[in-house]
Undergrad: 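First the structure, then my questions, so here it is.
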Amino acid sequence: MELNLFPTKIYRFKSNIDTHPIVKPILDLEVGKDLHYGQESGGLQGGGWIYNTTEFDSVRLYIDKTIKETFGNNCNILDIWVSIYKKGDYNKIHNHPPTNPMYYDSNLWAGVFYVKTNKNGGRLVIHSPQNPTNTEDFYPEDGELFLFNSFTYHSVTPNLSDDYRICIAFNFTTN
């Protein structure tokens with residue numbers, strides 16, 4: 001599904017992937033070795049290498065296929081990381097380079113694939129480039145993939161549940 005928001009284009013896809021088998025390998029990553037604490041808003045990030053293990057084959061193939069079907073065959077993932085959010089963790093408003101909103105059609109894009117979510121796990125918030133207080137909220141589900149241009153300001157509301165919210169985030173080019 002393609003959504004055009006304030007003129008920000010967001011792609012939202014729902015896969016049929018059973019993400020439950022990859023939760024344990026992610027939660028087994030070690031703080032300090034594989035993961036580091038994010039901003040003062042909490043959460044753990046890192047461990048992007050896990051994406052290339054056999055447990056993640058279905059996710060990797062789905063993301064690669066979806067990106068190529070959406071943008072063409074000349075796409076390349078530049079960096080990738082796992083994010084784990086416990087109760088109270090959130091992510092402040094941010095974007096990924098380029099930070100100049102004049103580059104609405106930049107070939108640098110960002111993506112997030114949701115591995116483990118729940119109704120109170122936090123919403124993905126997309127902010128208008130003209131007025132960041134103008135937002136559109138999404139309740140992601142397990143197996144959902146969001147793609148948006150890297151200039152897009154976004155944030156995640158606090159995880160209010162006692163369970164983890166886990167996602168795989170990445171940046172890619174569409175040469």
Side-chain angles (χ1 to χ4, degrees), residues 1-3 8-39 42-86 89-91 94-98 105-118 121-126 138-152 154-156 159 163-175:
M1 172 186 335
E2 180 179 316
L3 305 170
T8 302
K9 188 176 288 188
I10 306 294
Y11 294 93
R12 183 181 191 182
F13 303 95
K14 177 68 175 153
S15 75
N16 293 322
I17 296 172
D18 178 9
T19 58
H20 292 93
I22 61 176
V23 170
K24 183 173 177 356
I26 291 173
L27 292 177
D28 286 344
L29 293 171
E30 296 179 39
V31 175
K33 177 184 174 197
D34 302 309
L35 300 172
H36 62 277
Y37 287 98
Q39 307 165 346
L44 294 167
Q45 296 182 336
W49 59 267
I50 200 170
Y51 181 72
N52 292 316
T53 63
T54 57
E55 293 97 341
F56 288 81
D57 281 349
S58 61
V59 173
R60 184 177 51 259
L61 292 171
Y62 175 77
I63 290 173
D64 289 347
K65 179 182 177 220
T66 303
I67 290 172
K68 288 178 179 172
E69 286 176 353
T70 305
F71 298 101
N73 287 325
N74 294 326
C75 298
N76 185 34
I77 292 180
L78 301 175
D79 55 348
I80 193 159
W81 61 96
V82 171
S83 293
I84 303 171
Y85 295 93
K86 296 182 273 187
D89 293 344
Y90 61 97
N91 208 337
H94 67 286
N95 68 354
H96 303 214
D105 293 323
S106 164
N107 68 344
L108 183 60
W109 287 71
V112 60
F113 179 85
Y114 287 87
V115 175
K116 183 172 177 53
T117 61
N118 63 69
R123 298 178 315 277
L124 171 63
V125 182
I126 302 296
F138 297 93
Y139 289 89
E141 297 177 8
D142 294 1
E144 257 190 325
L145 173 65
F146 287 81
L147 305 173
F148 43 88
N149 197 278
S150 65
F151 78 85
T152 305
H154 55 286
S155 60
V156 179
N159 179 0
D163 207 354
Y164 294 101
R165 179 182 68 239
I166 301 172
C167 62
I168 298 170
F170 55 94
N171 294 310
F172 66 100
T173 58
T174 60
N175 297 327

Undergrad: Are Phe71 and Phe172 close enough that some pair of their side-chain heavy atoms sits under 4.5 Å apart?
TA: yes
Undergrad: Find out whether Val115 and Asp142 are in side-chain contact, i.e. whether some heavy atom of one side chain is under 4.5 Å from a heavy atom of the other.
TA: no
Undergrad: With a 4.5 Å heavy-atom cut-off, do Leu124 and Tyr114 have their side chains touching?
TA: yes
Undergrad: Between atom CD of Glu69 and atom SG of Cys75, what is the distance when rounded to the nearest 0.5 Å?
TA: 11.0 Å
Undergrad: Under a 4.0 Å N-O cut-off, is there an ion pair linking Asp163 with Lys116?
TA: yes
Undergrad: Between Thr152 and Asn149, is there a donor-acceptor pair closer than 3.5 Å when you use the side chain of the first and the backbone of the second?
TA: yes
Undergrad: For the residue pair Ile67 and Trp109, establish whether any side-chain heavy-atom pair is separated by less than 4.5 Å.
TA: no
Undergrad: Taking it one step at a time, do Asp64 and Lys68 satisfy salt bridge (Lys or Arg N to Asp or Glu O under 4.0 Å)?
TA: CA-CA 6 Å; Asp64 289 347; Lys68 288 178 179 172; 5.7 Å; no
Undergrad: Does any part of the side chain of Phe151, heavy atoms only, come nearer than 4.5 Å to the side chain of Leu108, both counted from C-beta?
TA: no
Undergrad: I would like to know whether Thr173 and Leu78 meet side-chain contact (heavy atoms from CB on, under 4.5 Å); could you show each step before the answer?
TA: CA-CA 7 Å; Thr173 58; Leu78 301 175; 3.5 Å; yes
Undergrad: Applying ring pair (Phe, Tyr, Trp, His ring centres under 6.0 Å) between Phe146 and each of Phe113, Phe170, Phe138, Tyr11, report the one that passes.
TA: Phe138
Undergrad: Once you round to the nearest 0.5 Å, how far does OG of Ser150 lie from CG of Asn171?
TA: 7.0 Å
Undergrad: Measure the spacing between CD1 of Ile80 and CD1 of Ile63 and express it to the nearest 0.5 Å.
TA: 5.5 Å
Undergrad: Can you name the one residue among Asp34, Ile26, Asp89, Leu35 that meets side chain to side chain contact (heavy atoms under 4.5 Å, CB included) with Leu44?
TA: Leu35
Undergrad: For atom CG of Asn16, decide whether the heavy atoms of other residues, nucleotides or ligands shown that lie under 6.0 angstrom number more than 12.
TA: no
Undergrad: Please report the shortest heavy-atom distance between Ala110 and His96, naming the atom on each side.
TA: CB-ND1, 4.1 Å
Undergrad: What do the steps show when you test Asn159 against Tyr164 for side-chain contact (heavy atoms from CB on, under 4.5 Å), and what is the final call?
TA: CA-CA 8 Å; Asn159 179 0; Tyr164 294 101; 5.6 Å; no
Undergrad: Could you tell me the separation between the OH atom of Tyr90 and the CZ atom of Arg123, rounded to the nearest 0.5 Å?
TA: 14.0 Å
Undergrad: What do the steps show when you test Val112 against Leu145 for side-chain contact (heavy atoms from CB on, under 4.5 Å), and what is the final call?
TA: CA-CA 6 Å; Val112 60; Leu145 173 65; over 6 Å; no
Undergrad: Find the distance between OG (Ser58) and CZ (Phe56) and round it off to the nearest 0.5 Å.
TA: 9.0 Å
Undergrad: Taking the side chain as C-beta and beyond, is there a heavy-atom pair between Arg60 and Asn52 under 4.5 Å?
TA: yes
Undergrad: side-chain contact (heavy atoms from CB on, under 4.5 Å) for Trp49 and Leu29? Distances and angles first, verdict last.
TA: CA-CA 11 Å; Trp49 59 267; Leu29 293 171; 3.5 Å; yes
Undergrad: Taking side chain as C-beta onward, heavy atoms only, is Val156 less than 4.5 Å from Val125?
TA: no
Undergrad: Could you tell me which non-hydrogen atom of Pro140 sits nearest to which non-hydrogen atom of Gly122, and how far apart they are?
TA: CD-O, 3.9 Å
Undergrad: State the CG-OG1 distance between Asn107 and Thr174, to the nearest 0.5 angstrom.
TA: 5.0 Å
Undergrad: Looking at Pro25 and Glu55, what are the two nearest heavy atoms and their distance?
TA: CG-CG, 4.3 Å
Undergrad: Could you tell me whether a side-chain N or O of Lys86 sits under 3.5 Å from a main-chain N or O of Gly42, the two making a donor and an acceptor?
TA: no
Undergrad: Are any of the side-chain heavy atoms of Asn91 and Tyr85 separated by less than 4.5 Å?
TA: yes
